[in-house]
Chemist: 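Pasting a structure below so you can have a look.
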Amino acid sequence: MKIGIAYDLREDYLAEGYGEEETAEFDRLDTIAAIESTLQGLGFETERIGNIRKLAARLVAGDRWDMVFNIAEGLKGFGREAQVPALLDAYDIPYTFSDPLVLSLTLHKGMTQHVIHDLGIPTPEFAVVESPSDIDAVRLPFPLFAKPVAEGTGKGISAASKITTRKDLDSVCRRLLKAFDQPVLLETFMPGREFTVGITGTGEEAAAVGAIEVLLNKDAEPGSYSYTNKKKFEEYVDYRLVTDDMARKAVEVSLAAWCGLGCRDGGRIDLRADAQGVPRFLEVNPLAGLNPDISDLPILCNLAGMSYQELIRRIMESALKRLKK
């Protein structure tokens, strides 16, 4: 079986003049090499494709694959993560991970929170600020937490994201609106423990790999798993596999969100506990990073005793089941 690999290589975009933060979600060569060698070790023939422009050219030229292992993040728009899956759907080529609907929905954290809330899954109170004129209408209780509505890798999150006054609310929202040219998601600040739950599988067969607690050390940027803390996680962050009652509740909430949103094959969900100790859904990553050394999901799997090869095997096993339908 021939597996094509679709991805956005960070060095390609840096060479085109894009900045460090703009390309933070894109993949390194060692990530592609790790996925490729693991797929080959599992018995698959592989072929590197690259980003959507290269995929489009290959498709027009007549190239085809039995399945595409898709980790392409895309560059522009709320539907950027959905671009490769939508193109593959048009050519009736199966692929790993979630479909265009799910990837478009979940990239927009505000829309995702609406769905999660309607599903009855615990999530913070929230509001979406589309423009400066929306700021005065915010009536959520302080403290609040602000972040761009459609970014990953902690982009736009810093110590200033925790807001305690209306003056700061105004200045932080205006800064984020200008810097990222997209709405701002405001949530009531969750003061409790922070978790990441890894999941493999789809629908009724989805299962949690485990839950890790994200612990910031004394030198970390305070208050959140920010862009800086993620970038320098070896210095600032301790990941601890946890199995206590609160962690089990985090797993329960995560599986409900994963299935409710329709996510597939593998990914992770981030949560934080409120003042009463209830883990609340923050966001889902249905296209999680897969670098074996620096990405949260492989780190979690390693702590849970699951090898990188087993993670990739489970992802492929889940995706291949769709070929039989």
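Counting begins at 1 with the first residue of the sequence.
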Chemist: Would you call D274 and R280 a salt bridge, taking side-chain N to carboxylate O under 4.0 Å as the test?
Modeler: yes
Chemist: Taking R240 for the side chain and I212 for the main chain, is one N or O donor matched with an acceptor at less than 3.5 Å?
Modeler: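 A pair under 3.5 Å: no.
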Chemist: Check E204 with K321, please: is the shortest side-chain N to carboxylate O separation under 4.0 Å?
Modeler: no
Chemist: Given 3.5 Å as the limit, does a donor-acceptor pair link the side chain of R174 with the main chain of L169, or not?
Modeler: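 Side chain of R174 to backbone of L169, a donor-acceptor pair under 3.5 Å: no, none is there.
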Chemist: Compute whether any side-chain donor of one residue and acceptor of the other, for N302 and Y308, lie under 3.5 angstrom apart.
Modeler: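 No - no donor-acceptor pair under 3.5 Å links their side chains.
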Chemist: Could you tell me whether a side-chain N or O of D27 sits under 3.5 Å from a main-chain N or O of L9, the two making a donor and an acceptor?
Modeler: no
Chemist: Parallel, tilted or perpendicular, judged at 30° and 60°: which one describes the rings of F233 and Y239?
Modeler: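 Answer is tilted, since the angle falls between 30° and 60°.
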Chemist: Quick one, E187 with R272, criterion side-chain contact (heavy atoms from CB on, under 4.5 Å). Give me CA distance, side-chain angles, the key distance, then yes/no.
Modeler: CA-CA 12 Å; E187 297 170 323; R272 193 155 179 170; over 6 Å; no
Chemist: Checking the side chain of T164 only, and the main-chain atoms of P143 only, is there a donor and an acceptor separated by less than 3.5 Å?
Modeler: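 Pair absent, no side-chain N/O of T164 close to backbone of P143.
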Chemist: Thinking salt bridges, do E310 and R314 make one under a 4.0 Å N-O criterion?
Modeler: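 Yes, this pair counts.
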Chemist: Using a 4.5 Å cut-off on heavy atoms from C-beta on, say whether the side chain of M1 contacts that of E45.
Modeler: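 SC-SC contact between E45 and M1 ruled out.
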Chemist: Charged N to carboxylate O under 4.0 angstrom, R322 versus D265?
Modeler: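 Salt bridge present between R322 and D265.
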Chemist: Can you tell which of Y18, Y13, Y7 makes a ring-ring contact (aromatic ring centres under 6.0 Å, His included) with F26?
Modeler: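 The ring-ring contact (aromatic ring centres under 6.0 Å, His included) with F26 is passed solely by Y13 among Y18, Y13, Y7.
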Chemist: Quick one: NE2 on H108 to OG1 on T112, what's the gap to the nearest 0.5 Å?
Modeler: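 So the NE2 of H108 and the OG1 of T112 are separated by 8.5 Å.
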Chemist: Checking the side chain of T200 only, and the main-chain atoms of G266 only, is there a donor and an acceptor separated by less than 3.5 Å?
Modeler: no
Chemist: Salt bridge check: are R10 and E73 linked by an N-O gap of less than 4.0 Å?
Modeler: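 The answer is no: the pair does not qualify as a salt bridge.
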Chemist: Main chain of G19, side chain of E22: is a donor-acceptor contact present, judged purely on distance under 3.5 Å?
Modeler: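 Pair found, side chain donor or acceptor close to backbone of G19.
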Chemist: Does any N or O in the side chain of K155 come within less than 3.5 Å of the main-chain N or O of K147, such that one atom is a donor and the other an acceptor?
Modeler: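 Checked: no pair found.
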Chemist: Give, for atom CG of L39 and atom NZ of K2, the distance between the pair rounded to the nearest 0.5 Å.
Modeler: 14.5 Å
Chemist: Does D8 pair with K54 as a salt bridge, N-O distance under 4.0 Å?
Modeler: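 K54 and D8: not salt-bridged.
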Chemist: Take E25 and E81 through the test side-chain contact (heavy atoms from CB on, under 4.5 Å) and record every step on the way to the result.
Modeler: CA-CA 11 Å; E25 295 181 70; E81 291 183 350; 4.3 Å; yes
Chemist: Between E235 and K232, does any NZ, NE, NH1 or NH2 come within less than 4.0 Å of an OD or OE carboxylate oxygen?
Modeler: no
